Amino acid sequence: MLSHLKKMDWTIVIILCFFMVASILLIHSGIQSDPIMAGSDKTMLLYYILGFVVLFGTAFVNYKLFIKYHWILFTAGLLLLLYVAFFGDVINGAKGWISLGPVNVQPAEVFKFILILSLAAIVAAKQRELFFWKDVVPISLLTFVPFAFVMVQNDMGNALCYVVILLGILWIGNMKSIHTLLIMLLIAVLVYGGIKSYIGFHDQITSFLTDIDKEHWLDRFDAWLLPDEASKDATYHTNNAKLAIASGGLFGKGFLGGAYVQSGFVPYTYSDSIIVVAAEEFGFLGVSVILFLYFIIVHRLITIALECKSSEGPVIIVGIVSMLLYQIFENIGMFIGLMPLTGITLPFLSFGGSSLLINMACMGVVLSIRLYDEEPEELFMNPHPSYLMEQKERSL
């Protein structure tokens with residue numbers, strides 16, 4: 001145990017402590033104009049205490065155990081997604097929650113963790129270059145199943161996160177360069193073609209989405225692509241967020257001093273819009289500090305991946321990095337006009353138990369990779385007493 005503590009990456013743990021303090025302060029400020037969310041800052045502190053328990057608990061479990069039983073985790077995760085698709089509770093327009101008394105659990109968040117482990121296990125087991133029809137297509141279809149379940153729940157943000165995780169793992173999983181280029185080209189064409197089609201056939205798309213009861217998608221895409229033509233309700237959130245960010249300037253208005261945030265003009269300042277609180281009250285410098293902390297986290301993750309000797313470790317870490325970078329870019333980008341508005345939270349800062357605990361579990365797996373990466377695979381996969389005795393005698 002002592003050797004494990006010495007080998008622990010304490011830089012990651014310290015950065016997470018900084019995020020805990022920042023999160024509680026920003027949530028405290030963000031809930032001042034929303035009496036319904038009173039006490040959320042204290043609740044977030046409890047989530048963080050539980051999160052550190054999850055972090056260290058996961059860190060001291062050999063990550064190869066998750067790899068060994070990934071199919072069980074994947075099946076259980078799919079059953080949860082299937083359950084909420086039919087019987088889930090609706091919160092903020094997404095039918096993707098399970099109420100457990102005072103606690104709400106979002107299986108779509110949990111499945112990010114499961115998807116990373118399962119795809120990493122499948123890809124790492126190949127031990128060769130990935131073939132398009134034999135490997136890339138089946139793995140993509142496997143990811144499409146949870147993607148479809150989450151889209152049914154009206155949770156586009158998390159569904160797209162699954163795609164980003166898939167692309168990151170396929171890239172690190174030794175996919176052929178030509179296939180990588182073709183997929184990147186296909187994505188670029190689809191995004192460009194989708195944007196042009198949405199603008200060019202807006203009336204037809206509006207009619208179609210209205211018929212299938214997806215009007216909220218119209219508000220989000222109109223505010224992003226056609227802000228001049230969008231309704232005031234559609235642009236209310238993003239426009240006020242931009243004004244709040246701009247008013248913060250270089251140094252901000254000070255803690256609890258943001259006029260837009262404290263007046264309630266920006267919705268969800270305790271969760272999705274928490275970066276707006278940081279920008280208005282702590283300015284460009286405050287947001288820069290947050291981005292620098294994210295940079296340190298990602299840098300440490302990549303460093304650990306480069307030091308790995310196992311085949312699974314780097315793939316898992318790249319999946320986690322892909323997830324984090326997508327969430328950071330999407331969350332911040334949607335308030336400066338780069339991305340459409342979604343329900344993606346900002347990692348380690350936004351209020352929410354499911355997202356925080358899953359992110360802490362991911363960090364725990366990374367720490368576990370650092371602790372157990374050098375242990376022989378045979379020692380873990382074949383822990384029979386006779387085998388262990390044989391290995392001990394050989395070492396003597």
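Computed from a predicted model, the values in this text were never measured in an experiment.
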Go through the steps for Tyr198 and Leu218 under the test side chain to side chain contact (heavy atoms under 4.5 Å, CB included), then give the verdict.
-> CA-CA 10 Å; Tyr198 185 86; Leu218 284 173; 3.6 Å; yes
Please walk me through it: do Val21 and Ile24 pass side chain to side chain contact (heavy atoms under 4.5 Å, CB included)?
-> CA-CA 5 Å; Val21 174; Ile24 293 170; over 6 Å; no
Run the side chain to side chain contact (heavy atoms under 4.5 Å, CB included) check on Ile302 and Leu306 step by step: do they pass?
-> CA-CA 6 Å; Ile302 294 174; Leu306 293 174; 4.2 Å; yes
Give the C-alpha distance, both sets of side-chain angles, the deciding distance and a yes or no for side chain to side chain contact (heavy atoms under 4.5 Å, CB included) between Ile332 and Leu291.
-> CA-CA 10 Å; Ile332 297 177; Leu291 293 178; 3.7 Å; yes
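Pairs engaging residues 100-122 under the side chain to side chain donor-acceptor pair (under 3.5 Å) rule: Ser99-Asn104, Gln106-Asp155, Glu109-Lys112, Lys112-Asn158, Lys112-Gln327 [sequence neighbours left out]. For residues 115-144, the pairs satisfying salt bridge (Lys or Arg N to Asp or Glu O under 4.0 Å) are Lys126-Asp135, Arg128-Asp135, with sequence neighbours left out. Here salt bridge (Lys or Arg N to Asp or Glu O under 4.0 Å) pairs that include residues 23-46, with residues two or more places apart or in two chains, number zero. Every pair passing ring-ring contact (aromatic ring centres under 6.0 Å, His included) that includes a residue from residues 337-361 is listed here, sequence neighbours excluded: Phe19-Phe348, Tyr47-Phe351. Sorted by first and then second residue, the side chain to side chain donor-acceptor pair (under 3.5 Å) pairs with a member in residues 329-340 read Glu330-Thr342; sequence neighbours excluded. Note on residues 289-300: pairs passing side chain to side chain donor-acceptor pair (under 3.5 Å), not counting sequence neighbours, are Asp9-Arg300. Residues in residues 229-242 take part in these side chain to side chain donor-acceptor pair (under 3.5 Å) pairs, two or more places apart or across chains: Thr235-Asn239, His237-Ser273.
The two residues Ser310 and Asp373 make their nearest non-hydrogen contact at OG-OD1, 2.8 Å. Counting all heavy atoms, side chain and backbone alike, Val266 lies closest to Ala244 at CG2-CB, 4.2 Å. Summarising the geometry of Pro314 relative to Ala305, their closest heavy-atom pair is CG-O, 3.7 Å, with the distance given to 0.1 Å. Residue Phe149 comes nearest to Leu82 through the heavy atom pair CZ-CD1, 3.9 Å, listed as atom of the first residue, atom of the second, then distance. Residues Val150 and Ala108 approach most closely at CG2-CB, 4.1 Å, considering heavy atoms. Scanning both residues, Leu81 and Gln153, for their nearest heavy atoms gives O-NE2, 3.5 Å.
For the pair Thr143 (side chain) and Ile139 (backbone), a donor-acceptor distance under 3.5 Å is present. Judged purely by atom type and a 3.5 angstrom limit, Thr269 has no side-chain atom pairing as donor or acceptor with the backbone of Val277. When atom types are taken as modelled, the side chain of Glu312 and the backbone of Ile67 share no donor-acceptor pair closer than 3.5 angstrom. Without hydrogens or angle criteria, Ser350 side chain to Ser271 main chain gives a donor-acceptor distance under 3.5 Å. Side-chain N or O atoms of Gln262 include one that pairs as donor or acceptor with a backbone N or O of Ser29 at under 3.5 Å. One N or O on the side chain of Ser322 and one on the backbone of Val318 form a donor-acceptor pair closer than 3.5 Å.
Under the ring pair (Phe, Tyr, Trp, His ring centres under 6.0 Å) criterion, Tyr326 pairs with no residue, sequence neighbours left out. In this structure, Tyr270 has no ring pair (Phe, Tyr, Trp, His ring centres under 6.0 Å) partners at least two apart in sequence or on a different chain. Tyr192 is linked by a ring pair (Phe, Tyr, Trp, His ring centres under 6.0 Å) to nothing, counting only residues two or more places apart in sequence or in another chain. With sequence neighbours excluded, no residue forms a ring pair (Phe, Tyr, Trp, His ring centres under 6.0 Å) with Phe282.
By the neighbour-count criterion of 12 heavy atoms within 6.0 Å, atom CH2 of Trp217 is densely surrounded, having more than that number from other residues, nucleotides or ligands. Enclosure of atom CZ in Phe284 is not indicated, since only 12 or fewer non-hydrogen atoms of other residues, nucleotides or ligands lie within 6.0 angstrom. For CZ of Phe132, the number of neighbouring non-hydrogen atoms (other residues, nucleotides, ligands) closer than 6.0 Å is greater than 12. Counting non-hydrogen atoms of other residues, nucleotides and ligands closer than 6.0 Å to CZ of Phe131 gives a total above 12.
Taking the side chain as every heavy atom from C-beta outward, Cys17 and Phe52 approach each other to under 4.5 Å. Inter-residue side-chain proximity for Thr206 and Thr210 is flagged as met; some heavy-atom pair is nearer than 4.5 Å. Looking at Val105 and Leu80, their side chains never come closer than 4.5 Å, going by heavy atoms from C-beta outward. Counting heavy atoms from C-beta on, the side chains of Ile122 and His70 come closer than 4.5 Å. The side-chain heavy atoms of Phe60 and Met8, taken from C-beta on, include a pair separated by under 4.5 Å.
A tilted orientation is assigned to the rings of Phe221 and Trp224, their planes being inclined by 30° to 60°.
Hydrophobic clustering (ILVMFWY, side-chain heavy atoms < 4.5 Å, transitive): Ile274 and Leu357 are in distinct clusters. Grouping the Ile, Leu, Val, Met, Phe, Trp and Tyr side chains by contacts below 4.5 angstrom, directly or via other members, places Val321 with Met360. Cluster membership check: Leu79 does not share its hydrophobic cluster with Tyr162, using side-chain heavy-atom separations under 4.5 Å among Ile, Leu, Val, Met, Phe, Trp and Tyr. A chain of hydrophobic side-chain contacts below 4.5 Å, direct or via other Ile, Leu, Val, Met, Phe, Trp or Tyr residues, connects Ile116 to Ile72. Both Leu26 and Ile31 are assigned to one and the same hydrophobic cluster, defined by single-linkage of ILVMFWY side chains at heavy-atom distances under 4.5 Å.
Partner of Met363 under the side chain to side chain contact (heavy atoms under 4.5 Å, CB included) criterion, out of Ile358, Val13, Leu301, Thr58: Leu301 alone.
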Would you mind writing out the side-chain donor-acceptor pairs for residues 176-190 within the sub-3.5 Å range, not counting sequence neighbours?
from, atom 1, to, atom 2, distance (Å)
Thr180, OG1, Lys176, O, 3.1

